[in-house]
Amino acid sequence: MSDQEPSPAVSISHLPRHVGRSVTLRGWVTHLRSSGKVRFLVLRDGSGLAQAVLVKGQVPEADFAAFDRLTLESSLVLEGLVRAEPRAPGGFEVQVTALTPVHLAQDYPIAPKEHGVGFLMDHRHLWLRSPRQQAILKVRDEISRACRDFFHARDFILIDTPILTPAACEGTTTLFETDYLGRGKAYLSQSGQLYLEAAAMALGRVYCFGPTFRAEKSKTRRHLMEFWMVEAEAAFFTLDDVMALAEDLVRTLVSRVLERQQPALAALERDTGPLEAVLAGPFPRLSYGEVLERLKDAGAELAWGEDLGGDEETLVSKMFDRPLLVHRYPLSCKAFYMEADPADPRLALCVDLLAPEGYGEIVGGSQRVADLDVLLGRIKDHNLPQEPFEWYLDLRRYGSAPHGGFGLGLERVVAWLCGLHHVREAIPFPRLLDRLYP
RNA sequence: UCCCCGGUAGCUCAGCAGGUAGAGCGGGUGGCUGUUAACCACUUGGUCGGCGGUUCGAAUCCGUCCCGGGGAGCCA
């Protein structure tokens with residue numbers, strides 16, 4: 001209104017505080033409606049959506065005309081009076097007094113209607129603007145923060161492990177390969193664990209949180225080529241300590257999201273009942289052997305030594321309404337660094353945490369081999385070269401100690417808590433088999 | 001890598017006992033003083049994924065390649 005005193009720029013989420021006052025909003029057009037001499041637009045600024053109204057005669061003619069040039073997703077600045085208005089989505093509305101387009105968008109490809117997944121993935125950079133994708137990204141942010149808060153509250157030190165590595169951490173999975181300036185091959189990290197073990201011998205309790213890369217030709221709703229993992233490692237931790245910490249973390253993440261992201265969960269139409277149930281009591285713990293028995297009773301017999309497949313995991317986890325900890329798998333189907341169970345050397349001191357509702361494995365952890373000779377034997381058994389692991393073997397030469405840890409897949413947790421059908425929506429720009437764009 | 005399904009307008013799809021292409025939405029124009037994925041009228045819009053074959057004639061049948069979707073294995 002006044003040229004001398006422009007209205008303060010506010011975010012849409014704060015509109016209720018400004019009822020009766022003039023404010024400036026800046027954002028993007030998500031809906032346009034015109035009805036003769038009344039024009040409506042819905043504006044998005046990242047914090048929320050607000051309806052703005054222009055009435056002919058109450059706005060300078062040039063500003064009113066500017067509305068008619070607006071297109072979906074055009075950016076603009078507007079000034080207006082905030083009113084409580086039951087007819088407006090959200091209950092508040094801005095009566096526009098000035099409207100200034102910043103940029104008029106070209107024909108926006110994403111319409112407010114159904115689109116195929118392929119089309120949306122090709123336009124991922126624009127798809128992020130939709131309410132649903134925004135809600136997912138907010139939940140993801142909440143989970144990331146909660147992870148950091150969780151570990152710092154327990155005196156874990158953040159260690160940034162390298163992404164370019166000289167060799168496989170686990171050897172078995174396929175690695176993304178790159179040329180290291182003519183000095184040989186380097187590989188993108190598939191886990192920070194081995195480096196974290198070194199740091200645990202320095203600092204006791206450590207964790208890392210970063211991207212990891214798996215060049216597997218996996219094509220399922222649970223797999224990404226590039227995903228984010230939180231890994232924890234602690235000296236003198238036993239398998240029981242690892243399980244307790246993993247359970248504690250998952251419980252913390254669920255309660256934190258329920259506590260602080262109700263609007264996002266509502267936008268996603270996530271039924272929070274199953275999430276509340278997670279917090280109702282301790283997570284059930286079953287050994288691999290006990291799982292085999294359960295499977296047999298359910299008519300899905302599995303031979304001892306066989307790894308649990310996706311179907312088996314789903315079947316067992318559906319027997320509980322809380323996440324399930326499955327421990328002590330056969331050593332033969334696990335990684336070389338896992339400690340054997342002294343009570344039964346055929347078993348590994350390891351644990352997988354299976355999320356309910358069919359979301360499957362979200363955590364994998366173990367107690368690590370502490371003895372040098374045992375580790376040397378494992379490296380040999382797994383046909384791994386010893387030389388690249390010399391530094392790792394040193395950890396067993398200079399004050400070796402029992403230790404253990406786990407890794408948690410961020411996108412799988414996001415997908416679970418948001419109730420998504422595929423992890424590709426749980427990360428801003430997913431890297432999938434045959435999909436590297438945008 | 002294997003097994004299914006699909007590729008027709010900018011988007012979502014219909015058309016397939018072979019006869020030369022349609023709808024809704026979007027875009028454009030006009031109308032409407034309270035719209036809610038607004039509505040009404042008019043209008044624009046296509047090498048029917050590529051290549052090859054059968055045929056008088058192919059979006060439709062056959063072969064092949066490419067791309068996408070779903071599932072499996074493996075994993076977080």
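Owing to the predicted nature of the structure, the values given are computational and were not obtained by experimental measurement.
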message = Looking at A/Arg328 and A/Asp344, is there a salt bridge between them, counting it only when a charged N and a carboxylate O are closer than 4.0 Å?
response = no
request  = Write down the partner of B/A41 under the Watson-Crick or G-U wobble criteria, each distance required to be under 3.5 Å.
outcome  = B/U29
query = Within the structure shown, what part of the strands sits under 4.0 Å from A/Glu411 by heavy-atom distance: base, sugar-phosphate, or nothing?
reply = nothing
query = For A/Asp352, which contact category applies under a 4.0 Å heavy-atom criterion: base, sugar-phosphate, or nothing?
reply = nothing
query = Say you pick atom C1' in B/G19 and the same atom in B/U35; how far apart are they, in whole Å?
reply = 48 Å
query = Using a cut-off of 4.0 Å on non-hydrogen atoms, how would the nucleic acid contact of A/Glu93 be classed: base, sugar-phosphate, or nothing?
reply = base
Phosphate OP1/OP2 of B/G69 contacted by A/Arg435 side-chain N/O (<4.0 Å) = yes
inquiry  = Using ring centroids (six-membered ring only for Trp), state whether A/Tyr195 and A/Trp391 fall under 6.0 Å.
reply    = yes
request  = Would you indicate which nucleotide in B/C75, B/G69, B/G34 comes nearest to any side-chain atom of A/Lys219?
outcome  = B/G69
ask   = Which part of the nucleic acid does A/Ile110 contact within heavy-atom distance under 4.0 Å: base, sugar-phosphate only, or nothing?
value = nothing
ask   = Given side chains that start at C-beta, do those of A/Arg285 and A/Glu290 come closer than 4.5 Å, heavy atoms only?
value = no
task = Using the P atom as the reference point in each nucleotide, state the distance between B/C66 and B/C56 in Å, no decimals.
result = 32 Å
task = For nucleotides B/G57 and B/G53, find the distance between their C1' atoms and express it as a whole number of Å.
result = 15 Å
ask   = So what does A/Thr212 touch, heavy atoms closer than 4.0 Å: a base, only the sugar-phosphate, or nothing?
value = nothing
inquiry  = By the 4.0 Å heavy-atom rule, please label A/Glu85 as base, sugar-phosphate, or nothing.
reply    = base
ask   = With both distances under 3.5 Å as the test, what is the Watson-Crick or G-U wobble partner of B/A58?
value = none
task = Answer yes or no as to whether B/A76 has its base stacked against A/Phe227, where stacking requires a ring-centre separation under 5.5 angstrom and planes under 30 degrees apart.
result = yes
message = Could you tell me how far B/G24 sits from B/A9 if I compare only their P atoms? Round to whole Å.
response = 16 Å
ask   = Want to settle it: does A/Gly310 or A/Trp228 sit nearer the 5' end of RNA chain B, counting the closest nucleotide to each?
value = A/Gly310
ask   = Within a strict 4.5 Å, meaning less than it, do heavy atoms of the A/Arg346 and A/Pro330 side chains meet?
value = no
key: Check: A/Ser34 side chain, B/C32 base, donor-acceptor under 3.5 Å   = yes
Pairs under 3.5 angstrom only: tabulate donor-acceptor contacts from the side chains of residues 27-34 of chain A to other protein residues two or more places apart or in another chain.
from: A/Thr30; atom 1: OG1; to: A/Val42; atom 2: O; distance (Å): 3.3
from: A/Arg33; atom 1: NH2; to: A/Gln51; atom 2: OE1; distance (Å): 3.2
from: A/Ser34; atom 1: OG; to: A/Arg39; atom 2: NE; distance (Å): 3.2

message = Counting C-beta onward and ignoring hydrogens, is there a side-chain heavy-atom pair between A/Phe64 and A/Leu99 closer than 4.5 Å?
response = no
inquiry  = Ignoring hydrogens and geometry beyond distance, is the side chain of A/His115 in donor-acceptor contact with the base of B/C11 at under 3.5 Å?
reply    = no
query = For the side chain of A/Arg83, counting heavy atoms from C-beta on, which of B/G34, B/C75, B/G68 is nearest?
reply = B/G34
query = Quick one: which of B/G34, B/C74, B/C32 gets closest to the side chain of A/Ser218?
reply = B/C74
ask   = Taking the C1' atom of each, how far is B/A58 from B/U8, in whole Å?
value = 14 Å
request  = Identify, between A/Tyr108 and A/Gly116, the residue whose nearest nucleotide on RNA chain B lies closer to the 5' end.
outcome  = A/Gly116
task = If the plane angle is over 60° it's perpendicular, under 30° parallel, otherwise tilted; pick one for A/Phe119 and A/His115.
result = parallel
query = Closest to the A/Glu216 side chain: B/A72, B/U33, B/C74?
reply = B/C74
task = Classify the nucleic acid contact of A/Ile362 as base, sugar-phosphate or nothing, counting any heavy atom under 4.0 Å across all strands shown.
result = sugar-phosphate
message = Any N or O donor-acceptor pair under 3.5 Å from the base of B/C75 to the side chain of A/Arg412?
response = yes
ask   = Should B/G6 form a Watson-Crick or G-U wobble pair with both distances under 3.5 Å, which nucleotide is its partner?
value = B/C67
request  = Would you mind classifying the nucleic acid contact of A/Val423 as base, sugar-phosphate or nothing, using non-hydrogen atoms under 4.0 angstrom?
outcome  = nothing
query = Which part of the nucleic acid, if any, lies within contact of A/Pro89, taking any heavy atom under 4.0 Å across all strands shown: a base, the sugar-phosphate backbone alone, or nothing?
reply = base
task = Compare all side-chain heavy atoms of A/Phe227 with those of A/Pro211 and state whether any distance is below 4.5 angstrom.
result = no
note = Per atom distances to the A/Phe119 side chain, the nearest of B/A72, B/C11, B/U35 is B/C11
ask   = With syn defined as a glycosidic torsion within 90 degrees of 0 and anti otherwise, which applies to B/A37?
value = anti
key: Candidate nucleotides B/C75, B/C74, B/G34, ranked by approach to the side chain of A/Glu361 - the nearest   = B/C75
task = Consider the side chain of A/Asp107, meaning its heavy atoms from C-beta on, and name the nucleotide among B/A76, B/G34, B/G27 that approaches it most closely.
result = B/G27
key: C1' atoms of B/U55 and B/U60, separation to the nearest Å   = 13 Å
key: C1'-based separation of B/G6 from B/C75 [nearest Å]   = 28 Å
request  = Answer yes or no: does a side-chain N or O of A/Arg424 lie under 4.0 Å from OP1 or OP2 of B/G70?
outcome  = yes
Nucleotide nearest A/His223 (side chain, heavy atoms from C-beta), chosen from B/G68, B/G34, B/C74 = B/C74
query = Does a distance-only test, which skips hydrogens and angles, find a donor-acceptor pair under 3.5 Å between the side chain of A/Gln106 and the base of B/G10?
reply = no
inquiry  = Whole angstroms only, please: what is the CG-P distance between A/Leu433 and B/C74?
reply    = 17 Å
request  = Report the base-pairing partner of B/U1 (Watson-Crick or G-U wobble, both distances below 3.5 angstrom), or none.
outcome  = B/A72
query = When you compare B/G7 with B/G49, how far apart are their C1' atoms, in angstrom units rounded to a whole number?
reply = 6 Å
request  = Kindly state whether the ring of A/His152 and the ring of A/Tyr207 have centres lying under 6.0 angstrom apart.
outcome  = yes
query = At under 4.0 Å between heavy atoms, what does A/Thr220 touch on the DNA or RNA strands: base, sugar-phosphate, or nothing?
reply = base
query = Of the candidate nucleotides B/A76, B/U12, B/G34, which contains the atom at the shortest distance from the side chain of A/Glu114?
reply = B/U12
